[in-house]
Amino acid sequence: MTRTGKRATEEQRAAARYLGSLGDPLASWVQSTGPIDAYEMHVPVEVRSPLEWFSFAIVSRQLTRATAVAIYNRLVAQLGGSITAARVIATDERSMRDVGVSYRKARTIRGLAELAGDGLLEPDKLAALPDAEIQSELVAVPGIGPSSAQRFMMLYLHRPDIFPAGDLTVRAALTALDRLEQTITPRVAEQRSELWRPYRSYATSYLWGYLWEIHPPV
């Protein structure tokens, strides 16, 4: 969560005004925080396409940032300097595993490359599709779940009304915010988010920031 203050765009100001006006526990946190950039990715490598964004996200799973960056950079080097659909499809999985990409991750990256090869990850194509259709296409790829698809739509495509109800950090933040005794379920979290339409991406980012504030990383 990045505060934008006086640099805030009209969308950022509108989201802060709306979310801060609701009779909801999140409102006071929004009011004290002010406008934010809900789409800040904080990706430590250069990504120039949806396929590269996803490739780094997949490589990063269950790894430290330093390890993920090292493996991703080796993958980029092995693929000739950039991750493209044609280069991934032309590369056997063994070669990807040789640079540190696990079998499951290599299979997922290849599945996304095939999707990209069919033109379904082209920015112009994605811009014309509704959120539900994009998510449906992405989760059909083995290894891509709803939360991964939703993070992509929110952070890469800058869709303002995405809510990853299954995200553990979002659920932990909601549990703390609402002072619940047990962790909120994805189904209840989804229902809970309806109040925040059409700015659920912003609500998500505020929730991430809220949990960071009360439980900062060591």
Side-chain angles (χ1 to χ4, degrees), residues 1-44 50 53-54 56-57 60-62 65 126-127 129-136 138-139 144-218:
M1 184 188 72
T2 301
R3 292 175 171 87
T4 51
K6 294 180 179 179
R7 300 178 291 104
T9 65
E10 182 51 43
E11 180 181 282
Q12 292 164 1
R13 291 191 183 95
R17 284 195 302 268
Y18 178 74
L19 296 173
S21 70
L22 301 173
D24 176 84
L26 185 64
S28 60
W29 171 244
V30 173
Q31 292 166 9
S32 65
T33 303
I36 62 170
D37 180 358
Y39 311 132
E40 178 59 52
M41 292 193 291
H42 299 292
V43 177
W53 186 92
F54 262 122
F56 181 73
S60 299
R61 290 174 180 171
Q62 298 180 318
R65 174 169 288 205
L126 290 168
L129 295 177
D131 298 342
E133 188 170 342
I134 294 173
Q135 180 166 324
S136 178
L138 290 173
V139 299
I144 299 297
S147 289
S148 296
Q150 290 157 351
R151 279 177 174 266
F152 170 72
M153 290 189 289
M154 174 180 168
L155 300 177
Y156 191 91
L157 298 182
H158 297 181
R159 299 290 176 102
D161 195 36
I162 302 299
F163 188 75
D167 182 89
L168 292 176
T169 304
V170 166
R171 291 169 57 206
L174 266 176
T175 299
L177 187 71
D178 290 349
R179 300 183 179 183
L180 302 176
E181 294 184 0
Q182 295 183 328
T183 302
I184 194 170
T185 65
R187 182 181 63 82
V188 176
E190 181 72 35
Q191 294 172 347
R192 177 79 169 74
S193 75
E194 290 298 318
L195 179 67
W196 300 321
R197 288 183 183 274
Y199 295 114
R200 293 188 300 167
S201 293
Y202 285 87
T204 298
S205 193
Y206 279 114
L207 286 169
W208 285 338
Y210 175 75
L211 193 66
W212 183 291
E213 180 77 11
I214 62 174
H215 295 301
V218 178

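Note that the structure is a prediction, hence the values are computed from the model and not measured. Positions are given from 1, in the same order as the sequence printed here.
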Item to complete: Please tell me if the side chains of V170 and W208 come closer than 4.5 Å, counting only heavy atoms from C-beta onward.
Response: yes
Worksheet, complete the sentence: side-chain hydrogen bond (donor to acceptor under 3.5 Å, both in side chains) filter on S147, not counting sequence neighbours, yields none
Worksheet entry | S201 to A38 - nearest heavy-atom pair and separation | O-CB, 4.0 Å
Practice prompt. Would you check if W196 and L207 make a side-chain contact, meaning some heavy-atom pair closer than 4.5 Å?
Written response: yes
Practice prompt. Side-chain contact test, heavy atoms from C-beta onward, threshold under 4.5 Å: evaluate it for I162 versus T204 and give yes or no.
Written response: no
Worksheet, complete the sentence: On a heavy-atom basis, the closest approach of A8 and P35 is CB-CB, 3.6 Å
Fill in: side-chain hydrogen bond (donor to acceptor under 3.5 Å, both in side chains) against T175, all qualifying residues, sequence neighbours excluded
none
Item to complete: Report the residues that fulfil side-chain hydrogen bond (donor to acceptor under 3.5 Å, both in side chains) with E194, sequence neighbours left out, ordered by chain and then residue number.
Response: R197
Item to complete: Working to the nearest 0.5 Å, report the span between CD of Q191 and OG1 of T185.
Response: 7.5 Å
Worksheet item: Could E40 and R3 be called an ion pair, given the rule that one side-chain N must be under 4.0 Å from one carboxylate O?
Response: no
Worksheet item: Roughly how far, to the nearest 0.5 Å, is OG1 of T4 from CZ of R13?
Response: 7.5 Å
Discussion item. Please determine whether the number of non-hydrogen atoms from other residues, nucleotides or ligands lying under 6.0 Å from atom CD of E10 exceeds 12.
Written reply: yes
Worksheet item: How would you list, by chain and number, every residue that makes a side-chain hydrogen bond (donor to acceptor under 3.5 Å, both in side chains) with Y202, sequence neighbours excluded?
Response: E11
Item to complete: Kindly give the heavy-atom pair with the smallest separation between P146 and Q135, and that separation in Å.
Response: CB-NE2, 3.9 Å
Fill in: Beyond-backbone contact of E133 with S136, side-chain heavy atoms, under 4.5 angstrom
no
Worksheet item: At their closest point, which heavy atom of F163 faces which heavy atom of A189, and how far apart are they?
Response: CE2-O, 3.4 Å
Fill in: R192 side, atom CZ; L177 side, atom CG - distance, nearest 0.5 Å
6.0 Å
Worksheet item: Salt bridge check: are R151 and D167 linked by an N-O gap of less than 4.0 Å?
Response: yes
Fill in: CZ on F152 to CZ on R159, rounded to 0.5 Å
9.0 Å
Worksheet item: In Å and rounded to the nearest 0.5 Å, what is the CD1 to CD distance from I184 to E190?
Response: 10.5 Å
Worksheet item: Quick one: does S148's side chain get under 4.5 Å of R61's, heavy atoms only?
Response: yes
Worksheet item: Would L174 and R171 satisfy side-chain contact (heavy atoms from CB on, under 4.5 Å), going step by step from the backbone distance to the final call?
Response: CA-CA 5 Å; L174 266 176; R171 291 169 57 206; 5.7 Å; no
Practice prompt. Indicate yes or no: at least one non-hydrogen side-chain atom of M154 is less than 4.5 angstrom from one of S205.
Written response: yes
Discussion item. Taking ring-ring contact (aromatic ring centres under 6.0 Å, His included) as the definition, give me every residue that meets it alongside W29, ordered by chain and number, with sequence neighbours left out.
Written reply: Y210
Item to complete: Any chance you could measure L26, atom CG, to Q31, atom CD, to the nearest 0.5 Å?
Response: 9.5 Å
Worksheet item: Which pairs count as ring pair (Phe, Tyr, Trp, His ring centres under 6.0 Å) when at least one residue sits in residues 165-185, sequence neighbours excluded?
Response: none
Discussion item. Could you report the tightest heavy-atom contact between G34 and Y206, atom names first, then the distance?
Written reply: O-OH, 2.6 Å
Discussion item. Any heavy-atom pair between the side chains of T2 and H42 that's under 4.5 Å?
Written reply: yes
Worksheet entry | Minimum-distance pair of heavy atoms, taken over all atoms of L195 and L22 | O-CD1, 3.7 Å
